[in-house]
Amino acid sequence: MLWLWSAMELGFGLGAWGLGVAAVRLRWQETSRLCGLGSLACCAVSLCTVVFELARYADIEDTSAFLDTANAFRLAAGVLLLGTLVLNAAALLLRSRRED
């Protein structure tokens with residue numbers, strides 16, 4: 001069952017960046033807003049699954065797994081969040097430049 005949480009984290013993380021790239025590429029279409037919102041939603045779900053997995057480690061009192069993965073989760077979460085925000089900011093800037 002642990003592989004399912006990891007697959008969800010990775011899938012939603014890749015979905016966040018994929019939808020962010022789609023929002024940048026579709027900047028002149030109405031669907032770019034939906035892609036941007038979907039990107040942020042996928043990022044939030046991916047980060048929530050990380051928190052749930054860490055909470056599961058705490059519940060089963062597996063401190064070694066918690067300590068081994070906490071720094072990696074922190075780095076991955078920061079990269080995911082930063083990348084998602086940069087892609088969505090770029091899409092927003094390109095869209096606002098078109099509307100001027």
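Hydrogens, waters and symmetry mates play no part in the numbers below; they use all other heavy atoms, side chains included.
Minimum interatomic distance between Cys43 and Ala16 (heavy atoms only, all atoms of both residues): N-CB, 3.7 Å. Nearest heavy-atom pair, Cys35 versus Ala22, reported as atom, atom and distance to 0.1 Å: SG-CB, 4.0 Å. Smallest separation of non-hydrogen atoms from Ser46 and Glu9: OG-O, 3.0 Å.
To the nearest 0.5 Å, the span separating CG on Leu19 from CZ on Phe12 amounts to 10.5 Å. A distance of 11.0 Å separates SG of Cys42 from CG of Leu47, quoted to the nearest 0.5 Å. Interatomic distance, Glu61 CD to Thr63 OG1, rounded to the nearest 0.5 Å: 8.5 Å. Atom CZ of residue Arg95 and atom CG of residue Leu26 lie 10.0 Å apart, to the nearest 0.5 angstrom.
Remark: Asp68 pairs with no residue by the side chain to side chain contact (heavy atoms under 4.5 Å, CB included) rule, at least two apart or across chains. Checked against side chain to side chain contact (heavy atoms under 4.5 Å, CB included), Leu54 has the following partners two or more places apart in sequence or in another chain: Val50, Tyr57, Phe66, Thr69, Phe73.
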Anything under 3.5 Å between a donor and an acceptor, one on a side chain of residues 79-89, the other on a protein residue two or more places apart or in another chain? List them.
unit_1 : atom_1 : unit_2 : atom_2 : d
Thr84  : OG1    : Trp17  : NE1    : 3.4
Thr84  : OG1    : Leu80  : O      : 2.8
Asn88  : ND2    : Ser39  : OG     : 3.2
Asn88  : ND2    : Thr84  : O      : 3.0

